[in-house]
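Let me begin by presenting the structure, written as C-alpha cells, before commenting on it.
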Amino acid sequence: MTPAVFIAILCLGVASGAPILDPSLDAEWQEWKKKYDKSYSLEEEELRRAVWEENLKMIKLHNGENGLGKNGFTMEINEFGDTTGEEFRKMMVEFPVQTHREGKSIMKRAAGSIFPKFVDWRKKGYVTPVRRQGNCNACWAFSVTGAIEAQTIWQTGKLIPLSVQNLVDCSKSQGNEGCQWGDPHIAYEYVLNNGGLEAEATYPYKGKEGVCRYNPKHSKAEITGFVSLPESEDILMEAVATIGPISVAVDASFNSFGFYKKGLYDEPNCSNNTVNHSVLVVGYGFEGNETDGNSYWLIKNSWGRKWGLRGYMKIPKDQNNFCAIASYAHYPTV
Ligand SMILES: *[C@@H]1O[C@H](CO)[C@@H](O)[C@H](O)[C@H]1NC(C)=O
Ligand SMILES: *[C@@H]1O[C@H](CO)[C@@H](O)[C@H](O)[C@H]1NC(C)=O
Ligand SMILES: *[C@@H]1O[C@H](CO)[C@@H](O)[C@H](O)[C@H]1NC(C)=O
Ligand SMILES: *[C@@H]1O[C@H](CO)[C@@H](O)[C@H](O)[C@H]1NC(C)=O
C-alpha cells in the first residue's frame with residue numbers, strides 16, 4: 001500500500017466526523033438561508049451546511065450543464081435544501097394509508113367519448129391560491145378542501161377558500177390525527193357527518209393542532225357524499241375532464257420530489273401502488289407533440305408558491321400509474 005492511499009483513507013475518516021465545507025459556496029449558502037428564512041445554532045449550522053452542499057451537488061449534476069435535466073425535469077435547491085434523503089422520507093411517511101380500490105366507476109362515458117386534450121381548472125377559476133402546510137402534515141386536508149372548494153362553485157357560483165384548520169382540529173374522532181397524519185377519505189366523512197365546513201376566513205390555518213371550534217353558523221360548504229375512484233388513469237382523466245379537481249395521493253418519498261422545479265417529474269423508483277402524500281389534480285395535458293408520450297397530470301401541492309411550478313407539478317400521465325397517481329382518488333358530491 002502506498003502512503004497516498006493510506007492518507008486518503010484517513011481523510012475520509014476525518015471528513016465523516018467534521019464536515020469539510022466548500023468556502024466558495026459561502027455567498028450562495030447565505031443567500032439560500034435568507035431566501036428560505038433559515039437559522040441554526042452554531043453546531044447545527046455546520047451539519048446543515050454539509051447536507052445542503054451534498055444536495056446542491058446532486059441537483060447540479062441532475063440539471064446538467066444546459067440546466068435542463070432529464071426530460072426537461074429540473075430540480076432546485078429549495079426549502080428542503082438542508083434535508084437529507086432519509087429525513088425527507090421520514091417526513092413523507094405521514095400518510096401510509098391502504099389504498100381503497102372498491103370505488104365506483106363514474107360510468108358517464110359513452111364508448112369512445114372524447115375528452116379535451118388539455119384541462120386546467122385554474123383557468124376556469126375553480127382553484128384557490130396555493131397554500132403552505134408548514135410544519136404540519138396536513139396535506140390530506142389541503143387536498144380535500146381543494147376538491148370541495150371547486151365542487152361548491154357548482155352550487156354557489158363562488159370560489160371560497162375553505163378551512164384546512166377546521167379539518168385538522170375536528171376530524172380526530174373520525175380517526176384523523178391532525179398534524180401527524182390524516183386520510184382524505186376520513187376527512188370527507190367528517191364534512192359529510194358534520195354537515196358543513198367553515199371558510200379559511202372564519203377558521204384560519206395555524207399550522208398546528210388546536211381545539212375544534214367549528215361553528216355551524218359559519219359553514220360555507222356542505223357535501224352530500226363522496227366518490228372513491230377505481231385505480232385507473234383513464235377513469236381519473238374522465239373525472240378531471242367532467243367533474244373538476246380530484247383529490248389524489250402519490251408516492252412523494254424521494255427527495256427528487258422535494259427538489260422539483262419544473263418539467264415532467266421523473267424518478268425511476270417511484271412506486272405505482274403505494275402513496276404517502278396527498279395533492280389535488282387540477283388538470284392534465286402534454287408537452288411537445290401529443291405522440292411524444294410527454295403527457296402529464298397537473299397537481300397542486302401544499303408546499304407554498306416557492307416550490308415547483310409556483311406550487312404545482314407535472315407528473316407523467318399514462319405511464320403505468322406513475323407514483324401511484326390514480327391509486328387513491330376521491331371527489332365530493334354536492
Ligand atoms: C410510502 O408509503 C408507502 C405506504 O403507502 C410505504 O410502503 C412506503 O415505504 C412509503 N415510502 C417511504 C420511503 O416511506
Ligand atoms: C432504485 O432502487 C434500487 C433497489 O432498491 C436501488 O438499488 C437504486 O439505487 C434505486 N435508484 C434510485 C435512483 O434511487
Ligand atoms: C410535431 O411533429 C411534427 C411532425 O413530426 C413536427 O413537424 C413538429 O415540429 C412537431 N412539433 C413539436 C412541437 O415538436
Ligand atoms: C405498475 O407497474 C407495473 C410494471 O410497470 C405494471 O405491470 C402494473 O400494471 C402497474 N400498475 C398499475 C396499477 O398501473
Side-chain angles (χ1 to χ4, degrees), residues 62 69-73 85 88-89 92-109 111-119 139-140 143-144 146-147 182-186 188 226-258 260 263-288 290-301 312-331:
H62 170 91
K70 202 175 149 221
N71 300 330
F73 154 48
F88 190 77
R89 267 190 293 284
M92 283 304 135
V93 185
E94 66 183 67
F95 185 56
V97 295
Q98 289 293 313
T99 54
H100 295 219
R101 303 235 166 90
E102 80 283 12
K104 61 176 178 208
S105 168
I106 46 182
M107 294 293 186
K108 271 194 200 149
R109 172 159 44 173
S113 72
I114 292 169
F115 300 114
K117 288 179 195 286
F118 290 89
V119 170
C139 61
W140 53 276
S143 167
V144 165
D183 181 339
H185 196 272
I186 297 175
Y188 284 117
F226 56 96
V227 174
S228 309
L229 296 180
E231 186 177 53
S232 151
E233 285 188 88
D234 287 345
I235 291 171
L236 182 60
M237 180 175 175
E238 178 178 354
V240 173
T242 61
I243 288 158
I246 304 290
S247 50
V248 299
V250 293
D251 176 9
S253 57
F254 297 92
N255 62 0
S256 57
F257 193 105
Y260 173 81
L264 264 65
Y265 178 55
D266 188 26
E267 171 53 62
N269 287 353
C270 210
S271 163
N272 76 351
N273 54 33
T274 60
V275 294
N276 33 43
H277 184 54
S278 295
V279 292
L280 185 72
V281 175
V282 302
Y284 60 80
F286 54 84
E287 285 188 347
E290 192 174 9
T291 49
D292 290 347
N294 290 328
S295 300
Y296 58 79
W297 297 107
L298 189 59
I299 63 165
K300 181 190 188 190
N301 202 350
Y312 289 81
M313 179 190 232
K314 290 174 178 174
I315 289 207
K317 176 171 172 287
D318 303 324
Q319 306 274 346
N320 280 323
N321 201 29
F322 187 75
C323 295
I325 184 89
S327 293
Y328 200 63
H330 295 91
Y331 68 88

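Note that ligands are numbered from 1 as they come in the structure, with each ligand's atoms numbered from 1 the same way. Bear in mind the structure is a predicted one, so any value in this text is a computation, not a measurement.
- Looking at ligand 4, you won't find any N or O of E231 less than 3.5 Å from one of its N or O atoms.
- Remark: K317 is positioned above the aromatic ring of Y284, its terminal NZ or CZ atom under 6.0 angstrom from the ring centre and at most 45 degrees off the axis.
- Counting only heavy atoms from C-beta outward, the side chains of F226 and V144 never approach each other to under 4.5 Å.
- Protein heavy atom at the shortest distance from atom 9 (O) of ligand 4 is N320 OD1, 4.3 Å.
- Rounding to the nearest 0.5 angstrom, the gap separating the CG atom in N301 from the NE2 atom in H277 is 3.5 Å.
- Nearest-heavy-atom check against atom 1 (C) of ligand 4 across N272, I325, N273 picks out N272.
- A donor-acceptor pair shorter than 3.5 Å can be found between the side chains of Y188 and S247.
- From the protein, the heavy atom lying nearest to atom 14 (O) of ligand 4 is N321 CB, 3.4 Å.
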